[in-house]
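Inspection log for the structure reproduced underneath, given as structure tokens.
Everything numeric here is computed off the predicted structure, so don't read it as measured data. Scope of the values below: all heavy atoms of this structure, side chains included, with no hydrogens, waters or symmetry mates.
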Amino acid sequence: MDNVFLERIVAALLAGVGVTVEVTVGAMAVAVVIGLGLATVDFLAKARIVHALIRIYVEALRNIPSLTFLFLLYFGLAAVGIRLSSMVAAVLGLGLIGGAVAVDIFRSGLHSVPAGQKEAAASIGLTPFAAFRLIVLPQGLRLSLPSLGNYAVGLVKDTSLVAAIAAPEVMFSARQLVNETFETGLIYGCTALVYLALTTAVAGSLSFAERKLETP
């Protein structure tokens with residue numbers, strides 16, 4: 001193995017890292033917005049139909065295989081005249097799936113806040129929405145952070161799926177190199193190390209955030 005070939009592997013994988021980070025950040029943002037929004041509605045709403053509709057979204061997106069959903073977005077919509085770029089389909093697809101996961105994460109966090117604190121808020125005259133905004137939501141977000149961190153690490157690994165719709169992330173770059181050189185072991189070994197570095201960085205950042213937000 002010469003240095004030129006090794007440099008080629010490194011350059012290709014580093015180019016893919018930028019796309020992997022973009023997909024991860026974009027999908028995470030979509031997932032958090034959907035998850036927190038729907039969990040808040042689920043927590044505050046009284047109508048059963050609202051809870052039922054949220055549950056249908058969660059169960060549908062959590063039980064369809066991620067790759068199948070990405071194919072539906074990328075190839076299925078194109079078949080009816082709606083063409084998404086591979087990057088948009090990747091971010092939107094993983095974000096919608098992640099939103100279904102995040103709903104349950106935030107819902108559990110909000111319901112973990114002791115009921116006594118809501119009763120205390122009511123006793124000092126706060127409206128239910130004010131009590132939610134000032135007391136339940138901040139604590140619920142902090143309680144949700146460990147589970148959200150686990151989801152973020154999983155999301156980094158799931159970005160490898162978007163290679164199937166030609167988004168040029170790490171796995172896509174690795175597969176292209178393998179097709180050209182047939183150096184399977186070396187290239188996929190380097191790819192595994194790249195994913196390990198990315199997931200370690202995400203896990204370390206979230207652990208740091210958790211420590212900063214710990215209640216003294």
(request) May I ask you to test the V170-S160 pair for a side-chain heavy-atom distance under 4.5 Å? (result) no

(request) Any chance you could measure L186, atom CG, to T181, atom OG1, to the nearest 0.5 Å? (result) 8.0 Å

(request) Specify the closest pair of heavy atoms between L206 and A152, including all atoms of both residues, with the distance to one decimal. (result) CD1-CB, 3.8 Å

(message) Are V202 and F208 connected into the same hydrophobic cluster when the rule is that any two of I, L, V, M, F, W, Y join if their side-chain heavy atoms are below 4.5 Å apart?
(response) no

(request) Please report the shortest heavy-atom distance between T191 and A174, naming the atom on each side. (result) OG1-CB, 3.2 Å

(request) Decide yes or no for V19 and F172: does some side-chain heavy atom of the first lie under 4.5 Å from some side-chain heavy atom of the second? (result) no

(request) Could you list who else is in F182's hydrophobic cluster, with ILVMFWY side chains joined at under 4.5 Å, directly or through other members? (result) none

(request) Kindly compute the distance separating CG (L155) from CG (L94), expressed to the nearest 0.5 Å. (result) 6.0 Å

(message) Could you see if I187 belongs to whatever hydrophobic cluster contains L193? Use Ile, Leu, Val, Met, Phe, Trp, Tyr and a side-chain cutoff under 4.5 Å.
(response) no

(request) Check L61, L67, T68 against I64 for a side-chain contact (heavy atoms from CB on, under 4.5 Å) and give me the one that passes. (result) T68

(request) Evaluate the side-chain proximity of V103 to D42: yes if any heavy-atom separation is below 4.5 Å, no if none is. (result) no

(request) Treating Ile, Leu, Val, Met, Phe, Trp and Tyr as nodes and any side-chain heavy-atom pair under 4.5 angstrom as an edge, say whether V33 and F43 lie in one connected cluster. (result) no

(message) Restricting to non-hydrogen atoms, name the atom on Y74 and the atom on A89 that form the minimum distance, rounded to 0.1 Å.
(response) CD1-CB, 3.9 Å

(request) Would you please test L148 and M28 for side chain to side chain contact (heavy atoms under 4.5 Å, CB included) and show each step? (result) CA-CA 10 Å; L148 200 62; M28 189 72 188; 3.7 Å; yes

(request) With rounding to the nearest 0.5 Å, note down the distance linking OH in Y151 to CD1 in I97. (result) 8.0 Å

(message) Tell me which pairs pass salt bridge (Lys or Arg N to Asp or Glu O under 4.0 Å) where either residue lies in residues 55-81, with sequence neighbours left out.
(response) R55-E59, R55-D104, R62-D104

(message) Quick check for you: to the nearest 0.5 Å, what is the distance between L36 atom CG and L137 atom CG?
(response) 6.0 Å

(message) Give me each pair satisfying side chain to side chain donor-acceptor pair (under 3.5 Å) with a member in residues 8-33, each pair once, sequence neighbours excluded.
(response) R8-E180

(request) Report yes if some heavy atom in the side chain of L141 is under 4.5 Å from a heavy atom in the side chain of L145; otherwise report no. (result) no

(message) Testing the basics here: between A45 and H51, what is the closest heavy-atom pair and its distance to 0.1 Å?
(response) O-NE2, 3.1 Å

(request) Go through the structure and list residues passing side chain to side chain donor-acceptor pair (under 3.5 Å) with R175, not counting sequence neighbours. (result) none

(request) Check G16 against S173 and note the closest heavy-atom contact, atom names and distance. (result) CA-OG, 3.9 Å

(message) Strictly by salt bridge (Lys or Arg N to Asp or Glu O under 4.0 Å), give each pair with a member in residues 146-172 just once, sequence neighbours left out.
(response) none

(request) State, with a plain yes or no, whether a side-chain heavy atom of F75 is found less than 4.5 Å away from one of L70. (result) no

(request) State plainly whether one hydrophobic cluster holds both V153 and V25, where clusters connect Ile, Leu, Val, Met, Phe, Trp and Tyr through side-chain heavy atoms under 4.5 angstrom apart. (result) yes

(request) Please round to the nearest 0.5 Å and tell me the distance separating atom CD1 of I9 and atom CD of E183. (result) 7.0 Å

(request) Quick one: list whatever passes side chain to side chain donor-acceptor pair (under 3.5 Å) with H111, sequence neighbours left out. (result) none

(request) Working to the nearest 0.5 Å, report the span between OG1 of T40 and CZ of R107. (result) 12.5 Å

(request) Indicate if L110 and L44 have the same hydrophobic cluster label, given that clusters are the connected sets of ILVMFWY residues with side-chain heavy-atom separations under 4.5 angstrom. (result) yes

(request) Of all the heavy-atom pairs spanning P138 and F132, show the shortest one and how long it is. (result) CD-O, 4.2 Å

